[in-house]
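A short worksheet on the structure shown next.
Not measured: the values here are computed from a predicted model. Position 1 is the first residue of the sequence, and the numbers go up from there.
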Amino acid sequence: MITGFGVAEAIRHYYDIQGGTVIGKRAVVQGFGNVGSAAAFYLAQMGAKIVGIIDRVGGVINEEGFSFDEIKNFFLHKKGNTLIADADKMIPFEEINSRIWSLPTEIFAPCAASRLITQDQIATMIDAGLEVISCGANVPFADPEIFFGSIMEYTDERVSLIPDFISNCGMARVFAYFMEGRVEMDDEKIFNDTSDTIGKAILNIFKENDTKKNLSKTAFEIALKQLI
C-alpha cells in the first residue's frame, strides 16, 4: 500500500507544485500487483480518472474514466497480483497492448516488471497528450542500462518523468522513518512522512529546474551531489 500510495502522491505533489491539480486528469496504470493496484486506488481517490489498466493477462479500458468505486472493486477482488474483471469488460492482453498506449491520457504509472516500456509505446503516449510519468517499477524502460538508457533519456527530454527512486521510495522511506529515533507506529504519521519526503524531493527538483522536462536528469544530479 505504501509504495503505491507514494507513486500516486508523487503525481499529486507534481501538479500542486506546478500550480495545477490531479483532479480530472486521465491516467493509465501498467501492472495491477501490490504497487499498481494501490497506485490506481489512491489516484482514483484523489480524483484522477483511471482510463486504462493493463496487466499480464489482459486489462480494462474506460475512456470516460472508471469511478472510484469501480477501481476500489478491482482492488478488493484482484487475485494475488492479477486484475480480475467481468468477462464483458476484460480485454485480452494482445488487444489491450495494441490499444492502451494511444488512449488520451495525462498520467502514466508504470508499476509492472522492469524493462518493459518501449520507445514506440512512450512516443505514442506522448502524441496522445501524456504529461507526467510516476515510476512504480524500478527501471521501467526497456533499456539495458540501469541508469539513464536511451529510452529513459528520450522520455525525460519530452515529458515530466519522476524517477523511481523518488516515486516508489515508500517502503524504503518507512524503514528510514523507524530508524530515525523514537517515532510513533501510527498509520497516518507513516503515510504523511512518505508523502512529505516525496513532496520535498520533487520541490527540490523544481528549485534547480523550473521546466517540466529533464526532471529525472536533475534528480540524479541532485542525488549524486548529496552522495559525493
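For F147, the CZ atom sits in a loose shell: 12 or fewer heavy atoms of surrounding residues, nucleotides or ligands are nearer than 6.0 Å. Around the CD atom of E180, the shell of radius 6.0 Å holds more than 12 heavy atoms that belong to other residues, nucleotides or ligands. Counting non-hydrogen atoms of neighbouring residues, nucleotides and ligands closer than 6.0 angstrom, the CG atom of D187 reaches no more than 12 such neighbours. Annotation for K78: atom NZ counts as buried by contact number, over 12 foreign heavy atoms lying within 6.0 Å.
Rounded to the nearest 0.5 angstrom, K25 NZ and I50 CD1 are separated by 14.0 Å. Taken to the nearest 0.5 Å, the CG atom of N214 stands 11.5 Å off from the OG1 atom of T155. Here the CG-CD distance, from D193 to E184, works out to 12.5 Å after rounding to the nearest 0.5 Å. With values rounded to the nearest 0.5 angstrom, C111 atom SG is found 11.5 Å from L116 atom CG. How far CZ of F75 is from CD of Q45: 10.5 Å, rounded to the nearest 0.5 Å. In this structure, CG on L83 lies 12.5 Å from NE2 on H77, to the nearest 0.5 angstrom.
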For side-chain contact (heavy atoms from CB on, under 4.5 Å), just list the numbers for E208 and I222, CA-CA rounded to whole Å, side-chain angles, deciding distance to a tenth of an Å, and then say yes or no. CA-CA 9 Å; E208 296 288 330; I222 293 169; 3.8 Å; yes
Go through it in stages, so that I can follow the logic: the residues are E157 and K217, the test is side-chain contact (heavy atoms from CB on, under 4.5 Å), and I'd like the CA-CA distance, side-chain angles, deciding distance and then a yes or no. CA-CA 9 Å; E157 290 173 349; K217 179 181 178 182; over 6 Å; no
When you look at V132 and I11, which way does the side-chain contact (heavy atoms from CB on, under 4.5 Å) test go after all the steps? CA-CA 8 Å; V132 58; I11 296 291; 3.8 Å; yes
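When the side chains of ILVMFWY residues are joined at heavy-atom separations under 4.5 Å, either directly or via intervening members, F175 and V183 end up in a single hydrophobic cluster. Hydrophobic clustering keeps M90 apart from I84 (ILVMFWY residues linked when any side-chain heavy atoms are closer than 4.5 Å, directly or through intermediates). There is no path of hydrophobic side-chain contacts, each under 4.5 Å, that joins I190 to V7. There is a path of hydrophobic side-chain contacts, each under 4.5 Å, that joins I107 to V159. When the side chains of ILVMFWY residues are joined at heavy-atom separations under 4.5 Å, either directly or via intervening members, F5 and L76 end up in a single hydrophobic cluster.
Judged by distance alone, the side chain of N97 and the main-chain N or O of F93 form no donor-acceptor pair under 3.5 Å. Distance alone, capped at 3.5 Å, is enough to place a donor-acceptor pair between the D186 side chain and the K189 backbone. At least one donor-acceptor pair closer than 3.5 Å links the side chain of E70 to the backbone N or O of S67. Side-chain atoms of D143 come within 3.5 Å of backbone atoms of I151 as a donor-acceptor pair (strictly under, hydrogens ignored). Using modelled atom types, one side-chain atom of S216 and one backbone atom of L161 make a donor-acceptor pair closer than 3.5 Å. Remark: the backbone N or O of E145 is paired with a side-chain donor or acceptor of R115 at under 3.5 angstrom. Between the S195 side chain and the F191 main chain, no donor and acceptor come within less than 3.5 Å of each other. Proximity of a side-chain donor or acceptor of S167 to a complementary backbone N or O of C135 within less than 3.5 Å is detected. Although no hydrogens or angles enter the test, the distance criterion places no donor-acceptor pair under 3.5 Å between the side chain of S134 and the main chain of I162.
By the 4.5 Å heavy-atom criterion applied to side chains, F141 and E153 are not counted as neighbours. You'll find the side chain of I166 reaches within 4.5 Å of the side chain of I205, heavy atoms only. Side-chain contact between W101 and I117 is present, with heavy atoms from C-beta onward closer than 4.5 Å. Between K212 and Y14, the closest side-chain pair of non-hydrogen atoms falls below 4.5 Å. By the 4.5 Å heavy-atom criterion applied to side chains, F206 and L215 are counted as neighbours.
Minimum heavy-atom separation, I17 to I202: CD1-CG2, 3.6 Å. Listed here is the closest heavy atom pair of I122 and Y154: CG2-CE2, 4.1 Å.
Ring-centre distance between F74 and F41: not below the 6.0 Å cut-off.
For the side chain to side chain donor-acceptor pair (under 3.5 Å) with T218, the qualifying choice from N209, D156, N204 is N209, the only one to do so. For the pairing with I53, the side-chain contact (heavy atoms from CB on, under 4.5 Å) check across N62, I100, I61, I71 returns one residue only, I71.
In summary, R26 and E106 engage in a salt bridge, as defined by a charged side-chain N under 4.0 Å from a carboxylate O.
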